[in-house]
Amino acid sequence: MHSYSLIAPAKINLYLEIIGDRPDGYHELAMILQSIGLADYIDVHSISNDTIRVHSNHPQVPTDNSNLAYKAAELMTRQFPEAFAKYGGVEISINKQIPVAAGLAGGSTNAAAVLVGIDLLWKLGLTQSELEELGATLGSDVPFCVSGGTAIATGRGEQLSPLPSLDKIYIVLAKYRSLEVSTPWAYKTYRQEFGNSYIRDTNDLAARASAVHSGEIVKAIALADAGKIAQKLHNDLERVVLPAYPQVLQLREIFANQEGVLGTMMSGSGPTVFALFESEQQAEQVKLHVREAISDEDLELFVTRTITHGIQVASSI
Ligand SMILES: C[C@@](CO)(OP(=O)(O)O)[C@H](O)COP(=O)(O)OP(=O)(O)OC[C@H]1O[C@@H](n2ccc(N)nc2=O)[C@H](O)[C@@H]1O
Ligand SMILES: Nc1ncnc2c1ncn2[C@@H]1O[C@H](COP(=O)(O)OP(=O)(O)O)[C@@H](O)[C@H]1O
């Protein structure tokens, strides 16, 4: 095979708790990550010269070596120089459907797809955990994007424990096209404002991180109880993003007042806000109501649902 087409799903954060500082400057997290049906489509194929090329259908996605997909390919060439010499360079096409800089892990899932695609192209036979380990060097959310589904993520976000799959909880996503929130800004501001409540003792930190496993939301996920899950949604980063971005706060408030919404929350560092529903019909109806309430063309709305997988191969030739 010389070419693979991959499906690269986005994620939402059902739970995000910032529990402390890390010596590497990052934050110690306790999260629950969930793959969703909204996905990018990534083609990866071998080319005869030894270069990496990236194409994209989206003006905001860089095509140089700052693209996370490019970085993933570069990492593979460094890690597996013999396979690189044997199979040559890689051309990557990104069909971007996931809003950019949205808190939906768009770049991370593209990087995960390239790792999976090159593993197949070069017949490396890497295991899922080897792919996740490589992914962790590219970004905190990349390991989750490889396997996807529903998982607890601790450490920087790269230490994963799978949870029972949550299928078919319906979701409306809302994002203003022109609104971007910088992830480093969100974490830095959180540290400045709330860092005095961080856990400092390493043992206490480990205990808090493991406590997420017995938390109420995890119990609700085990029961696949969408209503209970929705009541336990949490995201510490809302504490800094909502006051700084009134449009995000407004979306949260509009969703909270719609009939059929089980719960609503901002995803990751934002600015996407999501709402959960029992049925697709309810989700479609609320999408219409929000569109009527906010006639701004800048607002993008998507109906999607929870899914049980990460990167998938769609076809190969
Ligand atoms: C907030 C979250 C929640 O899932 O997602 P997004 O909103 O980006 O989708 C993640 O923690 C983001 O993951 P990701 O975007 O992969 O992060 P990275 O590239 O590793 O880091 C970007 C920046 O975020 C901050 N960062 C990230 C992870 C972490 N545990 N602590 C941090 O302080 C650091 O300032 C870092 O420079
Ligand atoms: N493959 C990619 N897809 C999207 N954005 C990318 C990609 N590679 C690099 N970027 C850059 O990463 C930044 C964060 O984008 P993205 O990964 O979509 O957001 P988030 O980290 O909030 O989920 C963007 O500003 C964009 O310029």
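Heavy atoms only: backbone and side chains are in, while hydrogens, waters and symmetry mates are out. Counting convention: from 1, in listed order, for ligands and their atoms alike. Model, not experiment: these values are computed from the prediction.
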Is any NZ, NE, NH1 or NH2 atom of the basic residue among [X] and [Y] found under 4.0 Å from an Asp or Glu carboxylate oxygen of the other?
X	Y	value
E74	K71	no
R53	E91	yes
K175	E300	no
R200	D21	yes

| Would Q231 and E216 satisfy side-chain hydrogen bond (donor to acceptor under 3.5 Å, both in side chains), going step by step from the backbone distance to the final call? | CA-CA 10 Å; Q231 282 165 25; E216 290 299 316; over 6 Å; no

With a heavy-atom distance limit of 4.0 Å, tell me whether [X] approaches ligand 2 through its side chain, its backbone, both, or neither.
X	result
Q60	backbone
A111	neither
N67	both
A102	backbone
L104	backbone

| task | May I ask you to decide if the ring planes of H234 and Y15 are parallel, tilted or perpendicular, using 30° and 60° as cut-offs? | result |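 Geometry flag for Y15 against H234: tilted rings.
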
| Using the ring of each side chain (for Trp, its six-membered ring), is H27 parallel, tilted or perpendicular to Y198, with breaks at 30° and 60°? | perpendicular

Between ligand 1 and the protein, which N/O pairs are shorter than 3.5 Å?
from	atom 1	to	atom 2	distance (Å)
ligand 1	4 (O)	K11	NZ	3.2
ligand 1	4 (O)	N13	ND2	2.9
ligand 1	4 (O)	D141	OD1	3.4
ligand 1	4 (O)	D141	OD2	2.9
ligand 1	5 (O)	K11	NZ	3.4
ligand 1	5 (O)	D141	OD2	3.1
ligand 1	7 (O)	S269	N	2.7
ligand 1	7 (O)	S269	OG	2.7
ligand 1	8 (O)	T183	OG1	3.4
ligand 1	9 (O)	K11	NZ	3.0
ligand 1	11 (O)	Y187	OH	2.5
ligand 1	13 (O)	D141	OD2	3.4
ligand 1	16 (O)	S140	N	3.2
ligand 1	16 (O)	D141	N	3.0
ligand 1	20 (O)	S140	N	2.9
ligand 1	20 (O)	S140	OG	2.6
ligand 1	30 (N)	H27	O	2.9
ligand 1	30 (N)	R156	O	3.0
ligand 1	31 (N)	H27	N	2.8
ligand 1	33 (O)	H27	ND1	2.7

For ligand 2, which atoms sit closer than 4.0 Å to a heavy atom of [X]?
X	value
G103	20 (P), 22 (O), 23 (O)
G106	17 (O), 18 (O), 23 (O)
S66	9 (C)
N110	1 (N), 2 (C), 3 (N)

| task | Would you check whether L68 has a nitrogen or oxygen atom less than 3.5 angstrom from a nitrogen or oxygen atom of ligand 2? | result | yes

| request: For ligand 2, find out whether one of its N or O atoms is nearer than 3.5 Å to an N or O atom of A105. | output: yes

| For atom 17 (O) of ligand 2, which protein heavy atom lies nearest, and how many Å away is it? | G107 N, 2.8 Å

| task | Dump the intermediate steps for side-chain hydrogen bond (donor to acceptor under 3.5 Å, both in side chains) on H2 and Y87, then the final yes or no. | result | CA-CA 9 Å; H2 301 293; Y87 291 98; over 6 Å; no

| said: Tell me whether ligand 2 is touched by G268 - counting only heavy atoms on the residue side and a distance under 4.0 Å. | reply: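 Heavy atoms of G268 never come under 4.0 Å of ligand 2.
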
| task | Would you check whether K96 reaches within less than 4.0 Å of ligand 2, judged by its heavy atoms? | result |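 It does; at least one heavy atom falls under 4.0 Å.
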
| task | Write down the atom of L75, the atom of L134, and the distance for their closest heavy-atom approach. | result |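 Heavy atoms only, the tightest pair is CD2-O, 3.5 Å.
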
| When rounded to the nearest 0.5 angstrom, what distance separates CG in D167 from CD1 in I307? | 9.0 Å

| Is any heavy atom of the protein nearer than 4.0 Å to atom 12 (O) of ligand 2? | no

| Looking at atom 9 (C) of ligand 2, is any protein heavy atom nearer than 4.0 Å to it? |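 Yes, there is one.
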
| query | Which one of I98, I92, T183, V100 has a non-hydrogen atom at the shortest distance from atom 5 (N) of ligand 2? | reply |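 The residue whose heavy atom sits nearest atom 5 (N) of ligand 2 is V100.
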
| said: Could you work out, for atom 15 (O) of ligand 2, the closest of S56, A101, S182 by heavy-atom distance? | reply: A101

Kindly indicate whether the side chain of [X], heavy atoms from C-beta on, has any atom under 4.5 Å from the side chain of [Y].
X	Y	value
Y4	D43	no
Q247	P271	no
E292	H289	yes

| message | Counting neighbours of CD on E259 that are heavy atoms of other residues, nucleotides or ligands and sit closer than 6.0 Å, is the number greater than 12? | response | no

| Verdict with supporting geometry, N57 and N95, side-chain hydrogen bond (donor to acceptor under 3.5 Å, both in side chains) | CA-CA 6 Å; N57 64 336; N95 177 344; 3.1 Å; yes

